[in-house]
Number of protein chains: 2
Amino acid sequence: MDRRQRRTRNLIFTAFSALLERKTYTSMTVQDIIDEADIGRSTFYAHFETKDELLKALCTDIFDHVFSEEILCEEKHDFSHHSSFRDRITHILYHLQEKQQSIRGLFSGECGEIFLRYLKEYLCQVFDEHITVSENVPHDYALDLAVSSFAETVRWWLKGHSAYSPEQMAAYYFQCSAFCIPGIIARGDDKAADPC
Amino acid sequence: MDRRQRRTRNLIFTAFSALLERKTYTSMTVQDIIDEADIGRSTFYAHFETKDELLKALCTDIFDHVFSEEILCEEKHDFSHHSSFRDRITHILYHLQEKQQSIRGLFSGECGEIFLRYLKEYLCQVFDEHITVSENVPHDYALDLAVSSFAETVRWWLKGHSAYSPEQMAAYYFQCSAFCIPGIIARGDDKAADPC
DNA sequence: TAGATACAGAACAGGTTGTCCGTTATCGGA
DNA sequence: TCCGATAACGGACAACCTGTTCTGTATCTA
């Protein structure tokens with residue numbers, strides 16, 4: 001990659017992150033980013049088609065970091081088979097913590113939802129092999145709920161409670177979620193419903 | 001309320017809902033809504049300051065319906081003290097099912113997130129008194145997770161799995177969530193984490 | 001060094017936004 | 001039924017944002 005391209009791309013990312021701490025994603029215009037990065041209009045559009053593409057690229061940058069070593073571990077040490085689900089969760093939390101400076105800005109306004117949506121896509125792959133469905137519960141529902149709950153845990157953690165350690169958060173998550181994960185036993189209450 | 005105002009407001013709501021089935025919330029412009037509703041530009045702005053306000057108003061309309069009888073029951077029959085949490089959950093699901101036609105459109109694109117955010121605000125009030133925190137887990141975390149999981153359950157249900165009954169969904173939800181809700185027993189796995 | 005390529009800067013048309021105002025139609029109380 | 005109030009119309013407006021195009025300049029790489 002051309003050094004000039006790298007420089008410009010960094011300028012845009014930096015400007016975008018800086019702006020996210022001052023205003024919401026929706027209220028931010030491409031013009032704002034151009035002004036903040038101090039680059040030409042056509043230069044921005046040479047790198048990203050839209051503002052959404054920029055956000056997506058930033059998210060991808062972060063997740064590639066968070067999940068790349070994850071995958072590395074998996075390949076090199078057969079991580080998926082010998083490490084517990086809880087270890088992997090903790091591992092992911094560690095990497096998210098490293099990137100928390102970038103991530104915290106992303107929680108402003110609506111793009112927090114977009115960030116979480118992308119996060120869930122990555123998480124689905126990791127969670128899928130670990131979710132064991134108890135009888136009668138649809139597998140995709142359990143997976144959806146497990147992933148969403150973890151994403152919500154990350155949001156809660158990095159948005160005002162980042163003092164907790166990754167291990168602590170993993171413990172909270174496992175304590176509050178049943179999801180038929182091995183090691184957690186949940187018993188349903190089968191009392192018949194009585195709608196008003 | 002003036003009959004003309006009511007009529008215009010309905011025209012706007014109807015147009016907005018109709019458009020939501022054809023295009024995403026973000027890609028929709030105020031101009032589109034005006035054209036669809038066939039009203040004057042200034043008329044729209046006399047009713048709603050922005051597109052976001054319109055969305056908020058529509059959500060409020062729905063939630064007022066979903067939770068008003070909820071509150072009614074609570075007041076008239078002392079619902080909160082004699083009915084189980086599960087009954088209330090089922091009850092809410094019933095009302096959401098009634099409104100599913102309006103709600104399904106709201107899940108298109110990004111406004112699904114906004115809808116769910118508002119839903120969570122309402123749910124917090126209902127859930128708060130029912131969440132019993134087990135030792136060491138922060139109360140607001142447990143509440144956040146319980147509410148988010150339920151909101152996610154609603155999304156999953158109305159977005160492709162609406163064939164299930166409210167009772168069935170309540171059962172799934174309770175089966176997959178620990179949350180220290182009375183009637184569900186969860187045991188945490190306290191095995192020490194071993195990050196890669 | 002030379003050709004390729006990224007950037008700057010300016011300009012453009014097309015669209016959206018929010019506001020204004022004079023006119024017309026409709027409503028609701030007397 | 002009448003009349004004052006008010007909601008809607010519709011046309012116009014400036015300001016802004018968008019995405020594209022162009023030319024000249026600076027920088028990179030082979």
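Throughout, protein chains are lettered first and strands after them, A, B, ... in sequence-line order, and every chain is numbered starting at 1. Values reported hereafter were calculated over all heavy atoms of this structure, with side chains retained and with hydrogens, waters and symmetry mates removed.
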**Q** Going by atom types only, do T14(B) and S17(B) share a side-chain donor-acceptor pair under 3.5 Å?
**A**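 No pair is found: no donor N or O on one side chain lies under 3.5 Å from an acceptor on the other.
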**Q** Roughly how many Å is it from CD in E53(B) to C1' in dT17(C), rounded to a whole number?
**A**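 Value for this atom pair: 16 Å.
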**Q** Is the closest basic N to carboxylate O distance between E113(B) and R155(B) below 4.0 Å?
**A**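 Yes, charged N to carboxylate O under 4.0 Å.
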**Q** Q31(A) has an atom CD; how far is it from atom C1' of dG9(C), in whole Å?
**A**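 Going from CD in Q31(A) over to C1' in dG9(C) covers 13 Å.
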**Q** Starting from P on dT5(C), measure out to CD on Q5(A) and report it in whole angstrom.
**A** 11 Å
**Q** Is there a donor and acceptor pair, one atom on the side chain of S42(B) and one on the base of dG10(D), closer than 3.5 Å?
**A** yes
**Q** Return whichever of R4(B) or G40(A) has its heavy-atom-nearest nucleotide of DNA chain C closer to the 5' end.
**A**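 Taking each residue's closest nucleotide, the earlier one in sequence belongs to G40(A).
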**Q** So which one's nearest nucleotide on DNA chain D is more toward 5', T50(A) or T43(B)?
**A** T43(B)
**Q** With a 3.5 Å cut-off and no angle check, do the side chains of E152(A) and Y173(A) form a donor-acceptor pair?
**A** no
**Q** Write down the distance between CD1 (I34(B)) and C1' (dC9(D)), rounded to a whole number of angstrom.
**A**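 So the CD1-C1' distance, I34(B) to dC9(D), works out to 12 Å.
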**Q** Taking OP1 and OP2 of dC7(C), is either one under 4.0 Å from a side-chain nitrogen or oxygen of H47(A)?
**A** yes
**Q** In whole Å, I'd like the distance from the OH atom of Y45(A) to the P atom of dT18(D).
**A** 5 Å
**Q** Quick one: R6(B) CZ to dT26(C) P, roughly how many Å, whole number?
**A**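 Computing the R6(B):CZ to dT26(C):P distance gives 16 Å.
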**Q** Would you kindly give the CD-to-P distance between E49(A) and dC17(D), to the nearest whole Å?
**A**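 Rounding to the nearest Å, CD of E49(A) and P of dC17(D) are 21 Å apart.
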**Q** State whether the distance check finds a donor on one side and an acceptor on the other, under 3.5 Å, for side chain R3(B) versus base dT26(C).
**A**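 Per atom types, no contact qualifies.
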**Q** Mark yes or no: K51(A) above the aromatic ring of Y25(A), with NZ or CZ under 6.0 Å from the six-membered ring centre and no more than 45 degrees from the axis.
**A**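 Yes.
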**Q** Would you mind telling me which residue lines up with the more 5' stretch of DNA chain C, D32(B) or D38(A), judged by nearest nucleotide?
**A** D38(A)
**Q** Could you give the CZ-to-P distance, from R41(B) to dT16(C), as a whole number of Å?
**A**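 Checked: the CZ to P distance equals 9 Å.
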**Q** With a 4.0 Å cut-off, would you call R117(B) and E110(A) a salt bridge?
**A** no
